[in-house]
Amino acid sequence: MRVFLIGFMGSGKTHWGTQLASKLQIPFFDLDELISKGENKSIAEIFSESGEEYFRMRERETLSSIIEEYPSVVLSTGGGTPCFFNNIEKMKKYGIVVWLNTDVEIILQRLMKEKEKRPLIRDIPDEELKTYIIRKLNKRRMYYELANVVLDNESDISTNAFIQTIIHA
Ligand code: S3P
């Protein structure tokens, strides 16, 4: 079983990914972390030194490698992963795609604390961040909605409920 967690930055993909993988006893990977390790640079450095287009290529290639190598895996993707190339179709073809449809206010609270490591938002003033999130989310929603499973308000559910929903999907 391959499970791909998708959703906006700060939606809880990495948190839930690690919980799920440990429950299912299968490997967990974070796509950003793999790209970062492969390049020996932070995501912010990759964006500033090589540009977003380069990052998106690495993202697509790394996603493909994980699919090829691991028949059982939980992968936490980046917020933009399903929105580029045919990544969403590929994830659906080879596994279950779960969208964490987290509330904008919760995303905002989380991202306020972690702007630095995220190149798309690091230069956005705090007072403009909510508008940015709403706009970007509206553009990306059409991709996120293609997920096989949608989990609304993940912060309200227990770990067990989360895992059961996915196992029974
Ligand atoms: C991005 C989200 C980031 C990372 C990169 C671009 C995006 O991942 O892939 O900064 O386009 O939304 P997280 O969703 O893990 O923050």
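As the structure is a prediction and not an experimental result, all values here were calculated from the model. Start at 1 and go down the list; that is how both ligands and their atoms are numbered.
The residue from Gly80, Ser76, Gly10 that puts a heavy atom closest to atom 7 (C) of ligand 1 is Gly80.
In Arg140, the part holding a heavy atom less than 4.0 Å from any atom of ligand 1 is the side chain. Within the 4.0 Å heavy-atom criterion, neither part of Arg122 lies near ligand 1. Contact annotation for Lys13 and ligand 1: only side-chain heavy atoms (C-beta onward) come within less than 4.0 Å of the ligand. Neither the backbone nor the side chain of Leu31 has any atom closer than 4.0 Å to an atom of ligand 1 (non-hydrogen atoms only).
Of all atoms in ligand 1, listed by their number and element, those nearer than 4.0 Å to a heavy atom of Asp32 are 3 (C), 4 (C), 8 (O), 9 (O), 13 (P), 15 (O). Those atoms of ligand 1 that come under 4.0 Å of a heavy atom in Pro119, given as number and element, are 10 (O). Short contacts between ligand 1 and Gly78, defined as distances under 4.0 Å to a heavy atom of the residue, involve ligand atoms 8 (O), 9 (O), 14 (O). Below 4.0 Å from some heavy atom of Phe55 lie the following atoms of ligand 1, by number and element: 9 (O). Counting atoms of ligand 1 from 1 in the listed order, those under 4.0 Å from a heavy atom of Arg118 are 16 (O). The ligand atoms of ligand 1 that sit less than 4.0 angstrom from a heavy atom of Arg56 are 6 (C), 7 (C), 11 (O).
If you check the side chains of Ser64 and Lys90, you find a donor sitting under 3.5 Å from an acceptor.
With a 4.5 Å cut-off between side-chain heavy atoms of Ile, Leu, Val, Met, Phe, Trp and Tyr, the cluster of Met142 takes in Tyr143.
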### Task
Walk me through it: do Arg110 and Glu114 pass the test salt bridge (charged side-chain N to carboxylate O under 4.0 Å, His left out)?
CA-CA 7 Å; Arg110 290 178 184 162; Glu114 301 186 340; over 6 Å; no
